[in-house]
Amino acid sequence: MAEDHQSDAVQDAAAQLESLGGTKPRILPGPRATRIEADVTPRLADNWDQVLQVLNIGAHFGLTLTDTGQIAWLRIPRETGTRP
């Protein structure tokens with residue numbers, strides 16, 4: 001049951017980030033958490049207040065600078081699927 005809830009939370013967060021940014025985020029399953037990464041596009045930046053609400057779904061979230069731009073990410077624990 002927790003696995004279904006986790007999957008729902010991951011799919012919901014990814015769908016919201018796609019809607020806000022205009023590009024499909026990457027979903028990276030791990031043994032203890034699923035990480036969702038979204039490229040920071042101008043559209044995503046324009047919706048930043050809403051993006052922060054989505055990122056806050058995760059137990060951890062952040063912004064990473066890469067050679068090609070920025071990535072907003074969040075991590076949703078597999079055990080509960082919700083923020084501890």
Side-chain angles (χ1 to χ4, degrees):
M1 194 81 142
E3 195 67 31
D4 290 341
H5 181 67
Q6 184 271 339
S7 179
D8 290 347
V10 168
Q11 294 306 317
D12 183 50
Q16 289 184 62
L17 289 173
E18 183 173 1
S19 176
L20 293 167
T23 60
K24 190 171 184 93
R26 294 170 294 285
I27 299 174
L28 308 166
R32 293 169 40 182
T34 298
R35 182 177 167 114
I36 303 169
E37 298 180 346
D39 296 324
V40 178
T41 61
R43 183 171 156 186
L44 194 79
D46 287 344
N47 293 310
W48 195 249
D49 288 341
Q50 293 168 299
V51 170
L52 285 175
Q53 291 176 13
V54 176
L55 295 178
N56 202 36
I57 292 169
H60 301 95
F61 66 88
L63 191 62
T64 302
L65 180 61
T66 69
D67 291 340
T68 58
Q70 292 180 323
I71 297 171
W73 60 268
L74 68 144
R75 200 171 303 132
I76 298 177
R78 295 184 74 72
E79 304 84 71
T80 61
T82 60
R83 187 177 179 146

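Contact record, L74 with A13: CD1-CB, 4.3 Å, taken as the closest heavy-atom pair. Between G21 and T41, the shortest heavy-atom distance links the atoms O-OG1, 2.9 Å. Minimum heavy-atom separation, W73 to E37: CB-CG, 4.2 Å.
Q16 and D12 are linked by a side-chain donor-acceptor pair at a separation below 3.5 angstrom, with hydrogens and angles left out of the test. Using modelled atom types, one finds a donor on one side chain and an acceptor on the other under 3.5 Å when comparing T34 with R78.
In the hydrophobic clustering of this structure, L28 does not group with F61; members are Ile, Leu, Val, Met, Phe, Trp, Tyr whose side-chain heavy atoms approach within less than 4.5 Å, directly or through other members.
Contact of the L44 side chain with the D46 side chain is not registered, since no non-hydrogen atoms from C-beta on lie closer than 4.5 Å.
Shown are L63, T66, L65; of these, the side-chain contact (heavy atoms from CB on, under 4.5 Å) with I71 is made only by T66. Each of L17, I57, L55 was checked for a side-chain contact (heavy atoms from CB on, under 4.5 Å) with I36, and the lone residue meeting it is L17.
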For a side chain to side chain contact (heavy atoms under 4.5 Å, CB included) check, start with the C-alpha distance between I27 and R35, then their side-chain angles and the critical distance, and finish with the verdict. CA-CA 6 Å; I27 299 174; R35 182 177 167 114; over 6 Å; no
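Here the side chain of R43 pairs a donor or acceptor atom with the backbone of S19 at under 3.5 angstrom.
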